[in-house]
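Everything on this sheet refers to the single structure shown next.
Numbering of residues begins at 1 and proceeds along the displayed sequence. The basis for the numbers below is simple: all heavy atoms, side chains too, and nothing from hydrogens, waters or symmetry mates. Owing to the predicted nature of the structure, the values given are computational and were not obtained by experimental measurement.
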Amino acid sequence: MLRVQSGDEVIVGTLITSSPTRLEQAGIKPGDVQPSLRTIYDSVKNRGPGGHILTGPIFVEGADSGDVLEVRIESIDLAIPYAYNGFGPGRGFLPEDYTYGKTKIIPLDKEHMVAHFAPNIDVPLHPFFGSIGVAPPPSMGRVSSAPPGIHAGNLDNKELVAGTTLYIPVWTKGALLEIGDGHAGQGNGEVDITAMETSLTGRFKLVVRKDLHLTMPRAETPTHWIAMGIDSNLVAATKQAVRQAIDYLVTAKGLTRDDAYMLTSIACDVDITELVDGTLGVHVMIPKRIFR
């Protein structure tokens, strides 16, 4: 376990969420599989629920239940020149339509920051970590890495690129931060259950916030604040996200609840984050430019 002080910067390497065997079956040459990935699959036997390889935990001194961990994402770099996308039977948003599995290797062009999906189809890269989270409340026990929740985790929010900040409620001593599930890019919804899955390296600054008290993760980009909702029911997740946006506008911007509701309706975008992780994600984009 790595122990750091509030305000420290850390460099975190994360590994692609796939096995060497599956990557080779999809067309990756054995020599292009990261040795560290082979080591983990050969040596780590107690893998727990969920399919993600997560780096951590990081113990942040001074963090404790009731605090907020501010995770500033300072930089994100591609670690390998390829990604994959894949779906399997019974998974994704359309399991009734796709009763089989398929995996596609996608070359990544770091120089031009595009993914070569197919001839004449290049997808711009926006690397981000699908999973950034802390330990959940001890009462929840051991949880799967797949469903996001009040501890953040597998948010799969494509807005969390370099230059953004994630605010996570802390539920246990030290926060116990994990980072993983690197994506070279993704569409909102992540409908087939994977993005452009790849290995990434990120630089983060971790700050313990004793002055903030949140019940749900929240984020900030250079242009927006982001309120989040997470629930197994999409309508409930959407209501939670909208209520979180209203709460932010009331507590941080001094609006009345009525005006906050109105402003959310006329100026904010309610977007689906992901539809496939067990709990569903919705986020509200609150533009900064409307505030003088």
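- For the pair Gln186 (side chain) and Asp156 (backbone), a donor-acceptor distance under 3.5 Å is present.
- Here the CD-CZ distance, from Glu74 to Arg203, works out to 6.5 Å after rounding to the nearest 0.5 Å.
- Counting only N and O atoms by type, the side chains of Ser18 and Glu197 include no donor and acceptor under 3.5 Å apart.
- Partner Glu61 forms a side chain to side chain donor-acceptor pair (under 3.5 Å) with one of Lys173, Gln5, Arg3 and no other, that one being Arg3.
- For the atom pair CD1 (Ile106) and OH (Tyr84), the distance works out to 10.5 Å, reported to the nearest 0.5 Å.
- With a 6.0 Å radius and a threshold of 12 heavy atoms from other residues, nucleotides or ligands, Arg209 has its CZ atom above the threshold.
- A donor-acceptor contact shorter than 3.5 Å links the side chain of Glu274 to the backbone of Gly281.
- Within 6.0 Å of CZ in Arg257 there are 12 or fewer heavy atoms belonging to other residues, nucleotides or ligands.
- Between Val170 and Thr172 the shortest heavy-atom distance is CG1-O, 3.2 Å.
- Nearest heavy atoms, Thr14 versus Ile179: CG2-O, 3.6 Å.
- Between the side chains of Thr164 and Glu159, no donor N or O sits under 3.5 Å from an acceptor N or O.
- Between Tyr100 and Phe87, the ring planes are perpendicular. Angles over 60° get that label, and only those under 30° would be called parallel.
- Of the listed residues (Thr273, Leu166, Leu214, Val282), just one forms a side chain to side chain contact (heavy atoms under 4.5 Å, CB included) with Met228, and that residue is Leu166.
- Shortest non-hydrogen contact noted between Arg47 and Ile40 is NH2-O, 4.3 Å.
- For the pair Ile150 and Pro169, the minimum side-chain heavy-atom distance is 4.5 Å or more.
- A salt bridge links Glu220 with Lys288; the closest basic N to acidic carboxylate O contact falls under 4.0 Å.
- A 6.0 Å sphere centred on CE of Met262 holds no more than 12 heavy atoms belonging to other residues, nucleotides or ligands.
- Asp247 and Arg218 are joined by a salt bridge, as a carboxylate oxygen and a charged side-chain nitrogen come within less than 4.0 angstrom of each other.
- Judged purely by atom type and a 3.5 angstrom limit, Glu178 has no side-chain atom pairing as donor or acceptor with the backbone of Pro57.
- Within a 6.0 Å radius of CZ in Arg142, other residues, nucleotides and ligands contribute more than 12 heavy atoms.
- By the neighbour-count criterion of 12 heavy atoms within 6.0 Å, atom NZ of Lys210 is densely surrounded, having more than that number from other residues, nucleotides or ligands.
- Ring orientation note: the planes of Phe204 and Phe129 are tilted relative to one another, at an angle of 30° to 60°.
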